[in-house]
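Reminder, nothing fancy here: chain letters follow the sequence lines and each chain counts from 1. All figures in this text were calculated on a predicted structure; none of them were measured in a lab.
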2 protein chains.
Amino acid sequence: MHTHFTIDCVIYSFHEGQLKVLLTERNESPYSGWWALPGFFVNKYEEMEDAVARISYEMTGLKDIFMEQLAAFAGVKRHPEGRILTVAYTTLIRFDDVKNKVKPVTDYMRQANWFSVSELPELAFDHQEIINLSLDKLKRSISYSTAPFELLPDKFTLTQLQQVYEEILRKKLDKRNFRKKIMNLGYLKELNEVQQHVSYRAARLYKFDKRKFAKLFSQE
Amino acid sequence: MHTHFTIDCVIYSFHEGQLKVLLTERNESPYSGWWALPGFFVNKYEEMEDAVARISYEMTGLKDIFMEQLAAFAGVKRHPEGRILTVAYTTLIRFDDVKNKVKPVTDYMRQANWFSVSELPELAFDHQEIINLSLDKLKRSISYSTAPFELLPDKFTLTQLQQVYEEILRKKLDKRNFRKKIMNLGYLKELNEVQQHVSYRAARLYKFDKRKFAKLFSQE
DNA sequence: CCAAAAGTGTTCATAGTACACCCATGT
DNA sequence: ACATGGGTGTACTATGAACACTTTTGG
């Protein structure tokens, strides 16, 4: 009638054209020395939302990130000591905001690091399964969500945006059709600015207009 | 680091043109005498899937129903005794298959009964919230899922099918457009049979072709 | 013959797809 | 001048939405 209760965090980012996930190296048995999702036990009188914030901070050093629930995993055999129920949470963050800040503030993890989702090491527990489920969900929801913009800097080019879509959907898109579609959605703000420091024609920058995005859904 | 762990079941059915959910009347404190989702504690060494099967059976008398995970709810204040983490599961069943079979086989519940989702009594715990979330999910997934067919008998009329869509989406649909769309999907089998015992023109019956439905997704 | 629900098509607007070349810039 | 990615349009197809009348049947 009781179970151990943990939270695991699937934190995505986008860098160098690739979708990355943040992993931590465990410093505790079992799976000491293995890479795993940042995660830990929930305290007895702690709300789940508070636990998510605390644990994501302690394991990765990241503060003030809002995470969304993915699912519960509760296999009796997940852990040698018996059932540990884990509730997995996911979020998307901008790589530039955090690039030098990922560092565990607890001894339970030795280090934290970004891995391309297509080249993951072997993971502890059932963490690969958790990532697979979350990637599926991301793929399904991308068209109706702000997900691509949460992964990009405030100002971005259409090519960068297209790369995010391509990484998440795992397929190539046609440039002209992509631009037509994305501009028709009506929530991109065209800026009078272009990329700097590139050795080819500089691309125009765009911003995501949250207000217009929200309007599309509120009117129904 | 430990928590109580329960499963709650959201079981839908369709009857008399309405989407129904199966509730049980509690016989235990807290909320004794209140209507609640069928749910109970998971045993220590029990797999979550086994617990779902056992609990749905004990609370409602229904056997062999496959349930899908919805989400975890873990508010510290959900229960006077402290945190109880519940994982909610949902399923859809055919009313005709079960109409006289819903009866708890435990004393924890006094009775089980179907309620129209639009006329629910006040529910125990946060169960209304759980139902709301599951209705949202059902609405979002209806177009890509077998959900409507799981709620209908083996042979059904197009009007019945349309009613299921209308109930889940909570809006009226145009008959001609609905038929055009649903027939274009290509997984309805037209039978050489019609309704019996109706006092008006009998409608043609259709079957859902699982194989064709599955093909649509496997080819991608 | 009447009540009740079954069944049926066309038009219009919108969205998706396929496809290839010239342009601007930095080195 | 060249390499690199930026930027653009058209034709076709498919899908979604609006809209009203005739047909069949049992009682």
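In this entry the distance linking CE of B:M183 with P of D:dT15 reads 15 Å, nearest Å. Between the CD atom of B:Q162 and the P atom of C:dT8 there is a distance of 14 Å, given to the nearest Å. Computed from coordinates, the A:K181 NZ to D:dA14 C1' distance equals 15 Å when rounded to whole Å. If you take NZ of B:K172 and C1' of D:dA18, they are 18 Å apart, rounded to a whole angstrom. Atom CG in A:L161 sits about 18 Å away from atom P in D:dG5, given to the nearest Å. Whole-Å rounding puts the A:F178 CZ to D:dG7 P distance at 13 Å. Put simply, OH on A:Y206 is 11 Å from P on D:dG6, counting in whole angstrom units. Nucleotide D:dT10 holds its C1' atom 11 Å from the CG atom of A:N177, rounded to whole Å.
You'll find that the side chain of B:R179 is closest to C:dT8, out of D:dA18, C:dT17, C:dT8. Here the nucleotide nearest the side chain of A:A203, chosen from C:dA6, D:dG27, D:dG7, is D:dG7. Of the candidates D:dG7, D:dC19, D:dG9, the closest approach to any side-chain atom of A:R176 belongs to D:dG9. Nearest nucleotide to the A:R201 side chain, out of C:dC19, D:dT4, D:dG7: D:dG7.
Two rings, from B:F156 and B:F208, have their centers 6.0 Å or more apart.
Judged by atom type and distance alone, A:K175 reaches the base of D:dG7 through a side-chain donor-acceptor pair under 3.5 Å. A donor-acceptor contact under 3.5 Å is not formed by the side chain of A:K180 with the base of D:dT8.
Within the nucleic acid shown, B:N184 has no heavy atom closer than 4.0 Å to any nucleic acid atom. Across all strands, B:T159 comes closer than 4.0 Å only to sugar-phosphate atoms, never to a base (heavy-atom distances). Contacts of A:R204 with the nucleic acid, taken as non-hydrogen atoms under 4.0 Å apart, involve only primed sugar atoms and P, OP1 or OP2.
The two atoms that bring A:L173 and A:Y165 nearest to each other are CD1-CB, 3.8 Å, heavy atoms only.
A donor-acceptor contact under 3.5 angstrom links the side chains of A:Y12 and A:S134, judged on distance only.
Heavy-atom distances to DNA chain C give each of A:S199 and B:S199 a nearest nucleotide, and the one nearer the 5′ end belongs to B:S199.
Evaluated for a ring pair (Phe, Tyr, Trp, His ring centres under 6.0 Å) with B:F125, the options B:Y31, B:W34, B:W35 yield exactly one hit, B:Y31. Here the rule is side-chain contact (heavy atoms from CB on, under 4.5 Å) with A:F178, and of A:M183, A:Q162, A:E166, A:K172 only A:Q162 fits it.
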